[in-house]
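Note that this is a predicted model, so its numbers are computed, not measured. Residues: numbered from 1 along the sequence shown.
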Amino acid sequence: MSPADSVVAEITTGYTFPEQAIDLGVLVVDQQPVPSAVVRIPLSMLNRHGLVAGATGTGKTKTLQLMAEQIAAAGVPVFAADIKGDLSGLASPGTPSPKLLDRTQRIGQTWTPTGNPAEFYSLGGEGIGVPLRATMTSFGPVLLSKVLGLTEVQESSLGLVFHYADVNGLPLLDLKDLQAVLAHLTSDEGKAELKNLGGLSPATVGVIQRELITFADQGADVFFGEPEFDTADLLRVDPSGHGVISLLELPNLVDRPALFSTFLMWLLADLFHDLPEVGDLDKPKLVFFFDEAHLLFNDASKAFLDAIAQTVRLIRSKGVGVFFVTQTPTDVPDDVLAQLGSRVQHQLRAHTPNDAKALKQTVQTFPTSSYDLGEVLQGLGIGEAIVTVMDPDGAPTPVAWTRMRAPQSLMAPTPEETLRASVAASPMQAKYGAAIDRESAQEILAKKLEAGAAAAEAEQRARGAEEQPAAPAEPAPASRSGRSVIEQVVTSPAFKQFARSAGREIVRSLFGTARRR
């Protein structure tokens with residue numbers, strides 16, 4: 001048996017499974033595809049997570065699209081972030097071309113234009129899609145601290161604020177609620193309430209408030225609020241049993257990368273909280289594609305990274321598979337990378353010393369093979385990848401140089417008018433389209449302040465009545481040295497606090513921090 005025949009036999013055996021699988025592509029030997037040696041991932045192993053990596057322009061997005069449409073066709077819902085708008089083509093049948101058909105014929109792929117049922121979502125009030133929102137309470141201080149770039153001390157202080165709001169029945173639904181609670185806790189009354197909890201540093205509160213103002217300018221004032229998105233709506237299948245593909249569009253990613261990446265982490269955390277334990281299934285309940293994964297890990301605290309690693313490790317038992325999509329495996333922390341059972345590695349470039357170091361580290365993440373991966377990874381063509389996955393027994397499959405299949409959906413954005421019509425007709429738009437502004441922390445604190453002012457005024461009136469003569473013949477003129485009821489109320493501590501709060505609201509409106517986009 002020749003070396004080439006030996007490789008074909010090894011790959012054919014290693015990627016032949018007794019259960020349902022999705023096809024990634026075919027083996028490449030001596031620069032030629034071998035249609036009989038198909039490279040696959042078992043559906044039951046998708047919840048062992050995975051990585052799709054490669055330099056810009058090497059085919060990561062098309063691989064994501066290829067996997068998503070096959071997973072959905074197998075009856076598994078899919079969630080993916082649509083960074084460049086290209087993935088919206090999943091909803092539309094592909095367009096044949098001589099080049100495409102020649103490629104599919106060479107790898108033995110029967111190519112049929114196919115669209116998929118899809119839902120389109122938007123984040124932060126931009127883009128075409130059903131608006132996604134989360135309440136401040138459910139988002140929590142840890143994720144919010146990551147978004148705001150807070151230090152550990154500031155994160156601890158923010159946790160105290162959330163604790164205070166929870167204990168005192170102050171719902172934190174949007175940015176205004178959190179800002180109102182922060183303002184209250186730095187007032188004379190609020191400081192007294194926090195005395196037994198350690199208190200808050202005015203400097204720390206000032207930093208948090210300034211970061212919240214910047215955050216609001218990035219569209220977060222639209223993102224936080226109600227109705228809050230129910231992550232169970234990501235687990236939908238259509239009447240034919242085809243998994244629904246949920247696509248989150250985020251234009252202008254460069255303006256708010258932390259909001260994007262942290263929101264995706266919130267989705268995962270919420271799924272983990274709500275879904276029951278199911279153990280190993282024949283196919284997962286949901287496959288989650290985390291594009292631009294490096295944004296999640298940049299400048300993250302150790303506590304935050306530990307939380308991510310724990311979520312990824314434990315969410316497998318809830319039937320959820322997670323695929324991180326990024327440029328190099330070194331973008332993902334070791335604790336997370338160690339849990340990713342499937343690898344699809346597109347071409348890497350080594351133009352700089354840092355690139356060469358990343359290439360060497362990438363090679364070390366693969367099982368041993370007959371390939372010189374340091375050379376092969378630099379020589380891969382567009383739409384080719386080095387692949388290894390977990391077989392049904394949990395063992396890694398042989399490393400395979402793979403020419404990837406072509407997606408059968410549109411490899412370009414779906415036309416805008418089609419997208420808008422789809423969103424308008426969606427039941428998700430009816431459920432989440434209109435924002436709700438119910439009574440929450442800001443309104444409760446305002447009423448509390450008004451009640452305090454009214455009580456102080458009533459007390460002053462009662463005192464004034466007691467000081468008056470019992471039976472005066474005529475109304476006595478006001479004493480020059482005494483104060484009128486109005487003067488007494490105006491100079492009372494409660495009224496001064498009310499005035500300070502009103503002043504803050506006026507200043508806030510002048511600087512645009514209460515502005516809705």
Checklist line | Pro42 to Ala21 - nearest heavy-atom pair and separation | finding: CA-CB, 3.8 Å
Item checked: Ring centers of Phe139, Phe224 separated by less than 6.0 Å -> yes
Let me have the donor-acceptor pairs involving side chains of residues 92-99, under 3.5 Å, with sequence neighbours excluded, atom names and distances please.
unit_1: Ser92; atom_1: OG; unit_2: Thr414; atom_2: OG1; d: 2.9
unit_1: Ser97; atom_1: OG; unit_2: Leu100; atom_2: N; d: 3.2

Note to self: Let me confirm one number: the CD-CG distance from Gln179 to Leu212, rounded to the nearest 0.5 Å.
What the structure shows: 5.5 Å
Check: When rounded to the nearest 0.5 angstrom, what distance separates CG in Leu359 from CZ in Arg349?
Finding: 12.5 Å
Heavy-atom neighbours of [X] [atom1] exceed 12 at 6.0 Å:
| X | atom1 | answer |
| --- | --- | --- |
| Glu152 | CD | no |
| Gln361 | CD | yes |
| Asp282 | CG | no |

For the pair [X] and [Y], find out whether any cationic side-chain nitrogen is under 4.0 Å from an anionic carboxylate oxygen.
| X | Y | answer |
| --- | --- | --- |
| Asp233 | Lys431 | yes |
| Glu155 | Lys146 | no |
| Asp291 | Lys60 | no |
| Arg403 | Glu384 | yes |
| Lys360 | Asp355 | no |
| Arg438 | Glu226 | yes |

Notebook entry, point to check: Where do Phe263 and Leu248 land on the side chain to side chain contact (heavy atoms under 4.5 Å, CB included) test, with the steps shown first?
Noted result: CA-CA 11 Å; Phe263 174 75; Leu248 173 63; 4.0 Å; yes
Item checked: With Asp306 via salt bridge (charged side-chain N to carboxylate O under 4.0 Å, His left out) - residues at least two apart -> Lys302
Margin query: Name the residue from Asn116, Leu87, Leu234 that meets the side chain to side chain contact (heavy atoms under 4.5 Å, CB included) definition with Ile245.
Written below: Asn116
Notebook entry, point to check: So Tyr371 and Trp401, would you call those rings parallel, tilted or perpendicular, with 30° and 60° as cut-offs?
Noted result: perpendicular
